[in-house]
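Here is the naming used below: chain letters follow the sequence lines, and residue numbers restart at 1 for every chain.
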Amino acid sequence: MESIFLFLDENLLLIYLLIFTVILGFELISNVPTILHTPLMSGANAISGVVIIGAILLIRNADPTDYLTLSLGALGVVLGMINVVGGFAVTNRMLKMFNKKKK
Amino acid sequence: MLITTVNISYLLGATAFVIGLRQMSTPATARKGNLLATLGMSIAILATLFLPINGADNNYVWIMGAMTVGGIIGYISAIKIEMTAMPQMVSVFNGLGGACAVVLAYTELFQLAEGGIIASEAQLLILLLTLLIGAVAFTGSMLAYGKLQGLVDDRKVTLPRHNLINMAILALLVVLYIYVYVSGSQPGIIWITALLLLSLLYGLSFVAPIGGADMPVVISLLNAFTGLSAAAAGLIYSNNIMMVGGILVGSAGIILTVVMCKAMNRSLTNVLVGGFGENHKSK
């Protein structure tokens with residue numbers, strides 16, 4: 001019990017951030033028209049590619065002779081980059097089509 | 001000085017994600033919102049390259065090489081894909097994001113197992129969570145792609161009493177996770193690998209009984225999973241924009257999933273549990 005209280009105390013700001021971000025996410029999406037469901041899903045998917053930052057940090061912190069970590073990190077960057085670039089590009093294409101239809 | 005610039009860049013990036021998502025949920029500004037989110041991501045990635053790390057070797061050649069390869073593959077596949085095949089493309093991209101989280105968590109856990117770094121209990125727990133959620137998002141998304149693309153037949157991958165099998169795998173996973181967690185801050189590599197494989201299997205088994213028409217809903221849910229695994233990975237690196245971006249996608253993805261279900265006049269449980277083809281027809 002003690003350790004839980006300690007954890008809460010030390011990470012209070014982080015917990016605030018988590019809770020408010022969750023509420024923010026809920027609020028942002030709650031009133032979205034059906035036609036935007038797929039593009040929004042695609043856009044959110046591209047944003048989830050932020051995980052690539054972790055892969056970049058992994059490579060930056062690795063020993064230059066540690067080829068295993070470097071290769072795994074590079075694999076992570078490739079995967080993350082496909083998610084980010086592909087995700088935003090596909091979303092843009094979907095929305096472009098949508099704009100044309102409206103006109 | 002540099003660290004402040006990086007932190008402010010992260011703040012700008014996170015703000016761009018929030019405003020971008022906001023604009024993306026209104027038809028008139030949707031495209032602008034996507035561009036803004038793209039800008040936010042570019043700022044975040046650029047800032048990460050310049051983030052000062054004491055005694056780091058940087059290995060910029062590896063990063064640049066990998067970013068170029070990934071960027072080209074992603075861009076070409078996004079441009080070449082048929083308009084009608086977009087949902088499955090999103091699923092593939094989402095799966096690769098999950099795979100990225102898996103690679104990260106596995107590498108960090110591998111280093112722990114080798115005795116490189118001693119992790120705190122909280123760190124170990126978060127790494128295990130990243131591995132689990134990322135792995136389920138990865139294989140789940142890939143199967144969703146296979147189903148939408150017509151490569152996988154719904155009936156052929158669904159076993160009798162599939163929900164029971166799913167529960168069994170999940171229970172086994174939970175037990176294994178608790179075992180690895182309790183066994184201390186230097187987990188054995190065999191156990192971690194077993195966890196990884198079982199999590200990957202669960203992703204497949206989770207999506208298997210869900211019917212083709214319900215796939216977009218599942219992709220949205222798996223997308224939320226990828227967001228959550230990105231957020232968990234962000235905790236490991238104490239990286240604010242990973243946490244904010246990940247949780248934003250996690251919560252927005254879950255709400256979007258619920259909204260999509262409502263638009264189809266179904267409940268989420270209905271989609272996830274009663275996914276057999278026959279059940280739909282009888283209604």
Side-chain angles (χ1 to χ4, degrees), chain A residues 18 21-22 24-26 28-30 32-34 36-64 69-70 72-97 99, chain B residues 17-18 21-22 24-25 27 30-31 34 37-38 41 44 48 53 56-59 62-63 66-67 69-71 73-75 77-78 86-87 89-90 93-94 96-97 99-101 103-104 107 220 223 226-227 230 233 237 239 241-242 244-249 251-253 255-256 259-260 263:
Chain A
L18 294 189
T21 313
V22 168
L24 185 61
F26 284 173
L28 285 176
I29 300 306
S30 43
V32 59
T34 317
L36 279 179
H37 284 175
T38 312
L40 192 61
M41 176 173 86
S42 177
N45 162 51
I47 293 178
S48 72
V50 274
V51 69
I52 190 185
I53 286 174
I56 293 175
L57 291 175
L58 182 70
I59 298 186
R60 285 195 58 193
N61 283 312
D63 191 302
T69 304
L70 283 174
L72 286 170
L75 176 65
V77 170
V78 171
L79 294 171
M81 202 66 185
I82 295 176
N83 186 359
V84 169
V85 175
F88 282 123
V90 154
T91 314
N92 194 42
R93 262 188 79 189
M94 281 185 211
L95 292 170
K96 211 156 64 180
M97 182 173 69
N99 277 0
Chain B
F17 287 166
V18 173
L21 266 182
R22 169 75 254 173
M24 262 190 262
S25 50
R31 213 175 152 205
N34 183 52
T38 314
M41 182 68 76
T48 308
I53 308 174
D57 290 298
N58 291 330
N59 306 301
W62 286 78
I63 299 176
M67 277 178 72
V69 172
I73 297 175
Y75 189 71
S77 33
M86 289 231 170
M89 200 67 221
V90 173
F93 290 148
N94 183 48
L96 296 182
C100 177
V103 169
L104 276 185
T107 313
S220 177
N223 177 28
T226 312
Y237 296 98
N239 188 291
I241 199 161
M242 282 173 83
V244 171
I247 291 172
L248 206 56
V249 174
S251 62
I255 284 296
L256 186 61
V259 171
M260 283 166 95

* To do: Please name the residue in the list N45(A), V51(A), I52(A) that meets the side chain to side chain contact (heavy atoms under 4.5 Å, CB included) test with S48(A).
  => N45(A)
* Asked: Do side-chain atoms of S42(A) reach the backbone of T38(A) as a donor and acceptor pair under 3.5 angstrom?
  -> no
* To do: Under 4.5 Å heavy-atom distance to chain B, tell me which part of V84(A) shows up: side chain, backbone, both or neither.
  => side chain
* Taking all non-hydrogen atoms of both residues, which atom of N59(B) and which atom of I59(A) are closest, and how far apart? -> ND2-O, 2.8 Å
* Structure fact -> Counting heavy-atom pairs under 4.5 angstrom with chain A, the leader among V69(B), L21(B), N94(B) is N94(B)
* **Residue part contacting chain B, namely of T34(A), when any heavy atom lies under 4.5 Å** => side chain
* Asked: Does the pair V32(A) and L256(B) meet the rule for a side-chain contact (heavy atoms from CB on, under 4.5 Å), with working shown?
  -> CA-CA 8 Å; V32(A) 59; L256(B) 186 61; 4.2 Å; yes
* Evaluation steps, side-chain contact (heavy atoms from CB on, under 4.5 Å), between L248(B) and V18(B) -> CA-CA 8 Å; L248(B) 206 56; V18(B) 173; 3.7 Å; yes
* Asked: Using a cut-off of under 4.5 Å for heavy-atom pairs, which of A230(B), A233(B), A78(B), A44(B) has the most such pairs with chain A?
  -> A78(B)
* Tell me, side chain or backbone of M41(B) under 4.5 Å from chain A's heavy atoms, or both, or neither? -> side chain
* Structure fact -> Residue from I82(A), L72(A), V85(A) scoring the most non-hydrogen pairs under 4.5 Å with chain B is I82(A)
* Given side-chain contact (heavy atoms from CB on, under 4.5 Å), test L57(A) with I53(B) step by step and report yes or no. => CA-CA 9 Å; L57(A) 291 175; I53(B) 308 174; 4.1 Å; yes
* **Donor-acceptor pair, side chain of N223(B) and main chain of M41(A), under 3.5 angstrom** => yes
* **Donor-acceptor contact present, side-chain S77(B) to main-chain G86(A), <3.5 Å** => no
* **M260(B), part contacting chain A, at a heavy-atom distance under 4.5 Å** => both
* Measure distances from A62(A) to the heavy atoms of chain B and classify the residue's part below 4.5 Å as side chain, backbone, both or neither. => both
* **Residue selection (most heavy-atom pairs with chain B, distance under 4.5 Å) from G49(A), G73(A), P64(A)** => P64(A)
* Just do the side-chain contact (heavy atoms from CB on, under 4.5 Å) check on I241(B) and F17(B) with the steps written out, would you? => CA-CA 10 Å; I241(B) 199 161; F17(B) 287 166; 4.0 Å; yes
* Option in T69(A), I53(A), V77(A), V22(A) with maximal non-hydrogen atom pairs under 4.5 Å from chain B -> I53(A)
* Is it the backbone or the side chain of V90(B) that comes under 4.5 Å from a heavy atom of chain A, or both, or neither? -> both
* To do: Flag the one option from I73(B), V259(B), T38(B) with the top tally of heavy-atom pairs under 4.5 Å to chain A.
  => T38(B)
* To do: Heavy atoms only, distances under 4.5 angstrom: which of L70(A), I56(A), L75(A) has the most pairs with chain B? Name it, please.
  => L70(A)
* To do: Between chain A and each of A37(B), G246(B), A101(B), count heavy-atom pairs under 4.5 Å; write down the option with the most.
  => A37(B)
* Answer yes or no: is there a donor N or O on one side and an acceptor on the other, between the side chain of R60(A) and the main chain of I63(B), under 3.5 Å? => no
* Structure fact -> Among Y75(B), W62(B), Y237(B), the residue with the most heavy-atom pairs under 4.5 Å to chain A is W62(B)
* Would you mind checking which part of L36(A) comes under 4.5 Å of any heavy atom in chain B, side chain (CB onward), backbone (N, CA, C, O), both or neither? => side chain
